[in-house]
Amino acid sequence: MNEVKEKKKIGLTTRIFIALIAGAIVGIALNMFAADVDFVQNVLVNGIFYVVGQGFIRLMQMLVVPLVFCSLICGATAIGDSKTLGKVGVKIIGFYIFTTMMAVAVALGIGLLIKPGMGLDMSQIQTAEVAASSDSVSFAETLLNIIPKNPIGALANGEMLQVIVFALIVGVILAKLQDKTQLVTNFFQQGNDIMMEMTMMVMGLAPIGVFCLIAKTFAGLGFSAMVPMFKYMGAVLLALFIQCCGVYQILLALLTRLNPLRFLKKFAPVMGFAFSTATSNATIPMNIDTLEEKIGVNRRISSFTIPLGATINMDGTSIMQGVAVVFVAQAFGIQLSPADYLTVIATATLASIGTAGVPSVGLVTLAMVFDSVGLPVAGIGLIMGIDRILDMARTAVNITGDAVCTTIVAHQDGALDKSVFNKN
Ligand code: ASP
């Protein structure tokens, strides 16, 4: 039975990757040969691909709130005492902030090295209207927003941080009251089982969803539009690569002694999924699942740290923001001081906390980073056009950061089963 199950799983992973590559090929072909064919654009690209792709994202999103809510309550109940929970919480937040700061530093370094904005003739490029404006959220508000005024409202609106806080409190109380509230504990446990089953069902559709999403993206993305921004893109992608394959893997090897290559290989489908959807939130169920079944991380840790990470830990996003600062400063001929760079590290870290795990929000919080060092917010218009592909790549890094930090904390907490990791 187990063997059959495992065979099916490997099949799914492979199918997701085949779908990803096939989607890219079909998308590029359509972009090159059928960009002006109305039928193809209306019926296929903006019709079938759009509806099926978005439908799949919505199915994943449908899972998020009930899954996180139930599994966090169960996780907190299992951990039991609030002291251990607090210890895990403080540790994971520490790791999240540390890796984000590293990410911005890497981004600034690469930006200064590659100098993406040098020689850019600003007069040639039209800056688009930026919706971001200056309504950046203050630090105090970000902090206060963690506490839900109305937990039901938080659930209804998908305010993840507030949902996390409320679920943790409920879980701790259930653990404390034990027999008295057994019925409610069982209720949430069964809710968790239902949501896990639903996740499996939705995941079965992943290859079709991924194919349509990628095909639509590539069909719409003219390669020529990318040329002037090539250096900027290259700098962001290089910094993302260094963070993902360098910083994370060194931390992982040093602190857990796990084999980084093996980790990347096992985790790759989750990255592929994050890449296709550009949505950290939608990746939460798959991330928790993969960490448990392939890496060996106990759910009592990941059910708490992964949703939290998808909400507050956006290393990929802060990398884009770091490079964007250098790019726009160079393009506008603005000289930034060392103190400015420190400010960027601080604000990009805060922006990462304030960025929701959905597509393109990193561009909105970029306004806050630009504001902090006096860069023109209109500069965001420069990079808007090519942001989608970078959004995909940075989301993959965002969720890898969550998984690496979670694995480290699980290891330190005795919640990592290395035999699962070492199994093929
Ligand atoms: N799309 C990113 C995510 O979901 C957020 C962003 O950078 O826009 O993690």
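Because only heavy atoms are used, hydrogens play no part in the values below, and waters and symmetry mates are left out as well, while side chains stay in. Order of appearance sets the numbers: ligands from 1, and atoms from 1 within every ligand.
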**Student:** Looking only at protein heavy atoms, identify the closest one to atom 8 (O) of ligand 1 and say how far it is in Å.
**Tutor:** G362 N, 2.7 Å
**Student:** Provide the number and element of each atom of ligand 1 under 4.0 Å from a heavy atom of T279.
**Tutor:** 4 (O)
**Student:** Between F332 and F327, does the ring centroid distance fall short of 6.0 Å?
**Tutor:** no
**Student:** Classify the contact between N398 and ligand 1 as side chain, backbone, both or neither, using a heavy-atom distance cut-off of under 4.0 Å.
**Tutor:** side chain
**Student:** Atom 9 (O) of ligand 1: which protein heavy atom is closest, and how many Å away?
**Tutor:** S280 OG, 2.5 Å
**Student:** For F421, is the NZ or CZ atom of K294 found under 6.0 angstrom from the centre of its six-membered ring and inside 45 degrees of the ring axis?
**Tutor:** no
**Student:** Hey, does A278 come in under 3.5 Å of ligand 1, counting only N/O atoms on both sides?
**Tutor:** yes
**Student:** Checking a contact table here: which protein heavy atom is nearest atom 2 (C) of ligand 1, and how many Å away?
**Tutor:** T395 OG1, 3.3 Å
**Student:** What residue and atom, counting heavy atoms only, is the protein's closest point to atom 5 (C) of ligand 1, and at what distance?
**Tutor:** V358 O, 3.4 Å
**Student:** Output yes when R300 and D413 qualify as a salt bridge under the 4.0 Å nitrogen-oxygen rule, no when they do not.
**Tutor:** yes
**Student:** Could you list which atoms of ligand 1 come closer than 4.0 Å to a heavy atom of M314?
**Tutor:** 9 (O)
**Student:** Considering the heavy atoms of T317, write down every atom of ligand 1 situated less than 4.0 Å from one of them.
**Tutor:** 5 (C), 6 (C), 7 (O)
**Student:** Do F69 and F188 have ring centroids that are under 6.0 Å from one another?
**Tutor:** yes
**Student:** Which of the numbered atoms in ligand 1 are under 4.0 angstrom from any heavy atom belonging to D391?
**Tutor:** 1 (N), 2 (C), 6 (C), 7 (O), 8 (O)
**Student:** Among T290, L291, I288, find the residue that satisfies the side-chain contact (heavy atoms from CB on, under 4.5 Å) test when tested with V297.
**Tutor:** L291
**Student:** Is it true that R299 and D289 have a side-chain N and a carboxylate O under 4.0 angstrom from each other?
**Tutor:** yes
**Student:** May I ask you to test the I110-F241 pair for a side-chain heavy-atom distance under 4.5 Å?
**Tutor:** no
